[in-house]
Amino acid sequence: MLNIIRFLRGFVRIRVTGFAPERFLNLCSVHDIELWDISVSENRYEMNLYVSDYFKLKPIVHKTRTKVVLLSKSGLPFFARRWKKRRIFLLGCLCCLLSLYLVSQFLWDIELTGGNRLTKEMLLQFLQEENVYYGTYMRQVDIDAVEKKLRDTYPFLTWVSLRIQGTRLYISVKENDQLLPQKETEKQPCHLVATMDGEVESIVTRAGIPLVKAGDTVKKGDCLVQGEIPVYNDDETLKETMYVHADADICIRASLPYKRNLPFAYEKKVYTGEQKKVWYARIYTKSFSLGMLPSYEKYDIVTDLNQAGIGDFYLPLYYGTITCNAYTLENLTYDETTAKTLLQLQFEKFCQTLQQKGIQIVENDVKIKKYQKGMKAEGSIWIRTMDGEERKIE
């Protein structure tokens, strides 16, 4: 703090020589002239003192018969005098400082720690819905409200903490290792309808009136279980109609068409080894490439971006490089064996995807055949799956 005061007031460094420099120091003390950083070398004294005190030295120098030499000037008064004529430069500095201050009032980076099931993409989408994104004015962010909404939206989060430091929003979470039981919500009255054409293999109804039985053939959109239950009087007149949330386990056997074509002729990328890097910058949403992109006929682009910042003070400025890798296309041809193997692998991957969704494959009659320009896999897959989509009763 003392150094700041000295800089603001301005100070000079002097050298004192002569008959009685020690007496000079004593008289300065008597007249309340503050001296510091005093050094002695061969009967020469060097010291610092305030500019205002420098003009009080004349009678002391005369009385002590010493000689004072001014060595240097430091502090704000001398700095201001030096730059007084450079007003445009000073104005530019002030504008730069003002711009930095304004930019520091917005969020320019979001960091998530502790998230495993909660990914960065999920978090950014959630924050976007809460009007928290890159460039948001920090005073508009309600930390407590966002924390509460985040816990309510993702029940597996047992602890959530948000804090703003610099221009970065830190989000720390802790997740429960086990799935928390979902809160039961009020169930709305609905029907269960078929989502595909097929044959009903079994149906177990827990709520509602079943409209189909095992062995019935259904089409997409048919009502399987009705959530509208009529209640009759003893004379078989309609007393009232009850509306329930239809609930049932409905197993349907259905056929899925499958068709994939694989031409014998294909193109393969062959990289030539030619490469060019171009500097790239982005200010908020505006992008600039500091150089010309190459004139290669075909090339891949790899972008490497970094965000500018000091510590936790991040700016809406991104910089990096664009790397262009040139390649050519080589025309190649599959043989029948390779093409058949690739089609078989595609079909196996498709079946694995179905099984991951809980769909059982009963049988398939997919055949791989040759046609004029390549090979094709075509046929049907018989599946067994649980069906019944809720349709709200208006």
Side-chain angles (χ1 to χ4, degrees), residues 92 95-96 99-100 102-104 106-113 115-116 118-129 132-136 165-171 260-350 352-353 373-377:
C95 291
C96 181
S99 300
L100 288 176
L102 293 176
V103 168
S104 67
F106 298 87
L107 288 176
W108 299 116
D109 192 44
I110 298 174
E111 181 176 306
L112 170 65
T113 56
N116 188 12
L118 179 64
T119 63
K120 184 71 174 287
E121 291 73 19
M122 294 168 58
L123 177 65
L124 292 178
Q125 183 178 358
F126 167 82
L127 293 176
Q128 185 80 21
E129 296 173 355
V132 179
Y133 43 84
Y134 297 120
T136 302
Q165 186 172 340
T167 57
R168 173 183 281 183
L169 174 63
Y170 289 92
I171 301 179
R260 297 288 189 276
N261 292 338
L262 183 65
F264 286 134
Y266 70 98
E267 293 179 334
K268 180 182 179 181
K269 287 183 180 180
V270 178
Y271 290 95
T272 63
E274 294 181 90
Q275 187 182 85
K276 182 177 181 180
K277 287 189 176 182
V278 179
W279 284 99
Y280 174 84
R282 191 178 81 199
I283 301 176
Y284 196 35
T285 57
K286 301 294 183 181
S287 301
F288 309 92
S289 57
L290 308 180
M292 297 294 293
L293 292 177
S295 57
Y296 306 144
E297 184 178 355
K298 298 182 183 299
Y299 56 89
D300 286 336
I301 294 179
V302 179
T303 304
D304 180 22
L305 273 184
N306 300 289
Q307 187 173 7
I310 303 173
D312 291 309
F313 184 81
Y314 282 83
L315 300 173
L317 173 62
Y318 301 83
Y319 64 93
T321 57
I322 295 176
T323 304
C324 302
N325 299 305
Y327 68 86
T328 59
L329 293 177
E330 183 178 350
N331 295 319
L332 299 175
T333 304
Y334 291 121
D335 55 45
E336 289 188 22
T337 304
T338 304
K340 186 175 181 179
T341 302
L342 291 175
L343 284 173
Q344 183 66 32
L345 290 174
Q346 290 181 9
F347 177 69
E348 291 176 358
K349 186 175 181 180
F350 178 77
Q352 289 177 359
T353 303
K373 295 183 179 181
M375 303 289 289
K376 64 179 180 179

*Under the salt bridge (Lys or Arg N to Asp or Glu O under 4.0 Å) test, which residues partner Glu274, sequence neighbours left out?*
none
*Between Asp109 and Tyr134, a side-chain donor and acceptor under 3.5 Å*: no
*Residues Glu267, Leu332; criterion side chain to side chain contact (heavy atoms under 4.5 Å, CB included); working and verdict*: CA-CA 6 Å; Glu267 293 179 334; Leu332 299 175; over 6 Å; no
*asked:* Please check if the number of heavy atoms outside Gln125 that lie under 6.0 Å from its CD is greater than 12.
replied: no
*Glu297 side, atom CD; Thr328 side, atom OG1 - distance, nearest 0.5 Å*: 9.0 Å
*Atom pair CZ (Phe350) and CD (Glu348), whose distance is rounded to the nearest 0.5 Å*: 13.5 Å
*asked:* Among Glu121, Gln128, Lys120, exactly one meets side-chain contact (heavy atoms from CB on, under 4.5 Å) together with Leu124. Which residue is that?
replied: Lys120
_For Trp108 and Phe106, take the angle between the two ring planes, folded into 0 to 90°, and tell me which bin it lands in: parallel under 30, tilted 30 to 60, perpendicular over 60._
tilted
*Pairwise distance CD1(Ile322) to CG(Leu293) - rounded to 0.5 angstrom*: 6.0 Å
*Please check if atom NZ in Lys276 has more than 12 non-hydrogen atoms from other residues, nucleotides or ligands closer than 6.0 Å.*
yes
*Does the ring center of Tyr266 lie less than 6.0 Å from the ring center of Tyr334?*
yes
_Chi angles and distances behind the side chain to side chain contact (heavy atoms under 4.5 Å, CB included) call for Leu329, Lys298_ = CA-CA 9 Å; Leu329 293 177; Lys298 298 182 183 299; 3.6 Å; yes
*Could you grab the distance from atom CD1 of Ile171 to atom CG of Leu123, nearest 0.5 Å is fine?*
4.0 Å
*asked:* As a quick check of understanding, evaluate side-chain hydrogen bond (donor to acceptor under 3.5 Å, both in side chains) for Asp304 and Tyr280, giving each step before the final call.
replied: CA-CA 9 Å; Asp304 180 22; Tyr280 174 84; over 6 Å; no
